[in-house]
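Presented below is the structure to which this report refers.
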Amino acid sequence: MIKAPTGTRDILPEDVKTWQRIEKTAGEIFTLYGYEEIRTPIFESTSLFQRSIGEATDIVEKEMYTFKDKGGRSLTLRPEGTAPVVRAYLEHQFPQRDQFQKFYYIGPMFRYERPQKGRFRQFHQVGIEVFGPNHPMIDVEVIAIQWRIFKELDVSDLKVKINSLGCEKCRPGYRKALIEHLKKNRERLCETCQRRLERNPLRVLDCKNPGCQQVVREGPKITDYLCNDCREHMKKVTDGLESLKIPYEVDPFLVRGLDYYTKTVFEFIHTALGAQNTVSAGGRYDNLVEELGGPEIPGIGFALGIERLVLILNEKGLPEEKKPLYFIPLGEEAIKEGIKIMEELRDSGIPVIWTGKVASIKAQLRQANKRGADRVLILGESEIENREIKLKDMKEGREEVIKWKDLKEHLRYYF
RNA sequence: GUGGGCGUAGCUCAAUUGGCAGAGCGCUGGACUGUGGCUCCAGUGGCUGUGGGUUCAAGUCCCAUCGCCCACCCCA
């Protein structure tokens, strides 16, 4: 039997309900803040991701689905959503139309990783990108949007972590100090961190090895190396969060895996997620637009992992939904008449379900009961003769006979 | 890419030192001829992930392979 490829999964009807709830909530909240949806292709030129995410990152080095098309072009299934939105923003000359733009997106992303809890090769994100503003209060707003989504979905046990990664002026100084400190303590670091020290020293900061964490804690903090501009920016962000009563934690060792981030970075962490506990994350990227060939326009955004949020939401029950009305025909004649009656009901927006099966009344009632029907319509020979139909209340067991011509009016009461 | 755990019915899981592949749930029908749920009864269910090997005999032992889960790594 052919199965879905490793790291991919089917989202079955019972799960789709949760997905739609997330998509609807997020979409409505984005609209509330003036974001508009943008849809970009699922694959892009490989160079877009190499230039934006960074050549030395794990994503670009070993996690991308890259292939050549029949014309010899190198293409890559998008591993994240920010770079494509920036590309579209520039390609369609948005900077010349308006220096201020808010976008949101939703869709599948692809990374070649070993699957585990909360991690898939095809996964889905909703996210936003803002271009133009460099005011720290927009950072606060971006965090507030996520906070609102989680609140609306009734998610608790969330932790918000924030940090500043500085800018091109102050980050090099910190980086130098960090490398110096790590080199001095090289023998206390785990093997992977000794390798990271050469390639991507900032990554040592979020190693889970206790020995490495100890070395990191003894070392320099980025927050002590920020330039005046970055320090002030950070202060305004934390002040803003406090004014909105959004609880947060400054984690001076929080880093991100994509090279383009500057200044504010943040993560929403949930305890029920296992090792992959980040449900939503993002940050400011003041140089990315320029690095991709555009003007000097700052930006900020976040991405939220839908699978991970579903994992959290499934710990709780789903809200009750309206129960459908089932049509139970007894015999061919009843089906012939029933199809007309059902269409008329649907004309008035009344939902009616017929299984399409020819079966005994007992089997059909059992079926309707199993699916949670509140009410069923039974049509048999005697009813057809009198141009009537029987409406049965499944909870009470009560039945009433209704003339075809009165049915619509009668049911309107329930729907 | 690395490590650990696991693959038996649609689902959850049994099967003694290698010895007839089972149960519960589900599904279908009946008891109740046009009335569901509860109960009782019957039926339906399988290339034991796949391919080799050892053996009189393999779900069980060995090798390979694929897949799933968890973790490392990395990240949403």
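Note that these values count all heavy atoms, side chains included, but never hydrogens, waters or copies made by symmetry. Everything numeric here is computed off the predicted structure, so don't read it as measured data.
Between A:Ile42 and A:Arg78, some side-chain heavy-atom pair lies under the 4.5 Å cut-off. Within the 4.5 Å cutoff, side-chain heavy atoms of A:Leu309 are placed close to those of A:Val155. The shortest distance between side-chain heavy atoms of A:Asp393 and A:Glu399 does not fall below 4.5 Å.
Counting only heavy atoms from C-beta on, A:Thr6 has its side chain closest to B:rG67 among B:rG67, B:rC73, B:rA76. Closest to the side chain of A:Gln276, from the set B:rC75, B:rG67, B:rU2, is B:rC75. The side chain of A:Gln116 has B:rA71 as its nearest neighbour among B:rA71, B:rU28, B:rA76.
Nucleotide B:rA76 holds its C1' atom 11 Å from the CH2 atom of A:Trp19, rounded to whole Å. One can place CD1 of A:Ile53 at 9 Å from P of B:rA76, the figure rounded to the nearest angstrom. One interatomic measurement links the two molecules: CD of A:Glu61 to C1' of B:rC75, which rounds to 15 Å at whole-angstrom precision. Atom CZ of A:Phe123 is separated from atom P of B:rC75 by 11 Å (rounded to the nearest Å). Atoms OH (A:Tyr260) and C1' (B:rA76) sit 11 Å apart, rounded to a whole Å. Regarding A:Arg195, its CZ atom lies at a distance of 15 Å from the P atom of B:rG1, rounded to whole Å. One can place OH of A:Tyr261 at 10 Å from C1' of B:rC75, the figure rounded to the nearest angstrom. Remark: C1' of B:rA76 and CD of A:Glu267 are 9 Å apart, rounded to the nearest angstrom.
Remark: the separation of the P atoms in B:rA64 and B:rC13 is 28 Å, to the nearest Å. With C1' as the reference atom, B:rC74 and B:rU17 are 47 Å apart, rounded to whole Å. Rounded to the nearest Å, the gap between the P atom of B:rG46 and that of B:rG3 is 37 Å. For the C1' atom pair drawn from B:rG51 and B:rG67, the interatomic distance equals 15 Å after rounding to whole Å. Comparing the same atom, C1', in B:rC6 and in B:rG59 gives a spacing of 14 Å after rounding to whole Å. For B:rU8 and B:rG24, the C1' atoms lie 15 Å apart once the distance is rounded to whole Å. Between B:rU60 and B:rG43, the two P atoms lie 30 Å apart (nearest whole Å). A gap of 11 Å separates the P atoms of B:rU16 and B:rC61, to the nearest Å.
In secondary-structure terms, RNA chain B builds stems of at least 3 consecutive Watson-Crick or G-U pairs, each pair having both distances under 3.5 Å, at B:1-7 with B:66-72, B:10-13 with B:22-25, B:26-31 with B:39-44, B:49-53 with B:61-65.
A:Gly331 comes within 4.0 angstrom of no nucleic acid atom, judged by non-hydrogen atoms across all strands. Heavy atoms of A:Arg119 sit under 4.0 angstrom from at least one base atom. Across all strands, A:Arg114 comes closer than 4.0 Å to base atoms (heavy-atom distances). As judged by a 4.0 angstrom heavy-atom cut-off over every strand, A:Ala303 is placed among residues touching the sugar-phosphate backbone only. When heavy atoms are screened at a 4.0 angstrom cut-off, A:Gly118 is found touching base atoms of the nucleic acid. In this structure, A:Arg371 reaches neither bases nor backbone, as no heavy-atom distance under 4.0 Å exists between it and the strands shown.
The distance between the ring centers of A:Phe94 and A:Phe131 does not fall below 6.0 angstrom. Aromatic pair A:Tyr174/A:Tyr225: ring centres closer than 6.0 Å. Between A:Phe268 and A:Phe150, the ring center distance clears the sub-6.0 Å criterion.
In summary, the side chains of A:Arg284 and A:Tyr261 do not present any donor paired with an acceptor at a separation below 3.5 Å, with no hydrogens or angles considered. Inspection of the A:Gln364 and A:Tyr326 side chains reveals no N or O donor paired with an N or O acceptor under 3.5 Å. In the model, A:Asp139 has a side-chain atom that pairs as donor or acceptor with a side-chain atom of A:Thr264 under 3.5 Å. No side-chain N or O of A:Glu291 forms a donor-acceptor pair with one of A:Tyr285 less than 3.5 Å apart. A:Tyr33 and A:Arg148 share a donor-acceptor pair across their side chains, judged by distance under 3.5 Å alone.
For A:Arg308 and B:rC75, a side-chain-to-base donor-acceptor distance below 3.5 Å is present, hydrogens and geometry of angles not being considered.
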For this session: Using a 4.0 Å heavy-atom cut-off, write out nucleotides 33-40 of chain B from 5' to 3' as B (base contacted by protein), S (sugar-phosphate only) or - (no contact).
Result: -BBBB---

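When each of A:Leu273 and A:Asn277 is assigned the nucleotide of RNA chain B bearing its nearest heavy atom, the one mapping closer to the 5' terminus is A:Leu273.
Under the 30°/60° scheme for interplanar angles, the aromatic rings of A:Phe30 and A:Phe302 are found to be tilted.
Listed pair A:Arg121 / B:rC68 fails the phosphate criterion, with no side-chain N or O lying under 4.0 Å from OP1 or OP2.
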